[in-house]
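To keep things clear, I will list the structure first and then write my remarks on it.
All values below come from the heavy atoms of this structure, side chains included, with hydrogens, waters and symmetry mates left out.
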Amino acid sequence: MTLSWKTARKTEYPVIVQQAPDDRLMSAPAGSTTYTVGKLDPGTGYCFKVGAVVALGRPSSVAWSSALCVRGAAETGAEDDVQPPIVLPLITPPTG
């Protein structure tokens with residue numbers, strides 16, 4: 001399944017894709033506007049959120065999209081649930 005989104009501005013940080021069930025986290029390259037998720041069960045419903053990393057740290061700050069649910073899946077939890085912090089490895093800015 002290929003997910004696509006629009007970004008408000010360019011960033012040098014990766015984009016995080018969260019898949020439920022299983023709370024699987026995947027990382028797309030900085031500036032990405034699509035991500036293809038593989039190994040999905042055709043009979044299972046899924047929900048996805050896209051997170052833009054806005055600050056790296058321990059934990060990093062991520063701004064999350066609303067959930068997109070497919071195949072009859074529904075997001076669990078309250079609408080105002082706060083996403084847990086994400087800890088990403090620190091990256092060294094490119095030189096040159």
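When every heavy atom of Gly45 is checked against every heavy atom of Pro21, the shortest pair comes out as O-CD, 3.6 Å. Annotation for Ala67 and Glu75: closest pair CB-OE1, 3.4 Å, computed over non-hydrogen atoms. Of all heavy-atom pairs between Gly51 and Val62, the closest is CA-CG1, 3.5 Å. Of all heavy-atom pairs between Gly38 and Arg24, the closest is O-NH1, 3.5 Å.
Between Tyr46 and Cys69 there is no side-chain heavy-atom pair separated by less than 4.5 Å. Between Tyr35 and Val15 the shortest side-chain heavy-atom distance does not fall below 4.5 Å.
Only one option out of Thr33, Val70, Val37, Thr36 pairs with Leu3 in a side-chain contact (heavy atoms from CB on, under 4.5 Å); it is Val37.
Of the inter-residue distances, the one linking Ser32 atom OG with Ile16 atom CD1 reads 10.5 Å to the nearest 0.5 angstrom. Going from atom CD of Gln18 over to atom CH2 of Trp64 covers 4.5 Å, rounded to the nearest 0.5 Å. Distance check, rounded to the nearest 0.5 Å: CZ of Arg71 to CE of Met1 gives 5.0 Å.
Of the possible polar contacts, one joining the Ser65 side chain to the Val50 backbone as a donor-acceptor pair under 3.5 Å is found.
A continuous path of Ile, Leu, Val, Met, Phe, Trp and Tyr side chains, each step under 4.5 Å between heavy atoms, connects Val53 with Leu25, placing both in one hydrophobic cluster.
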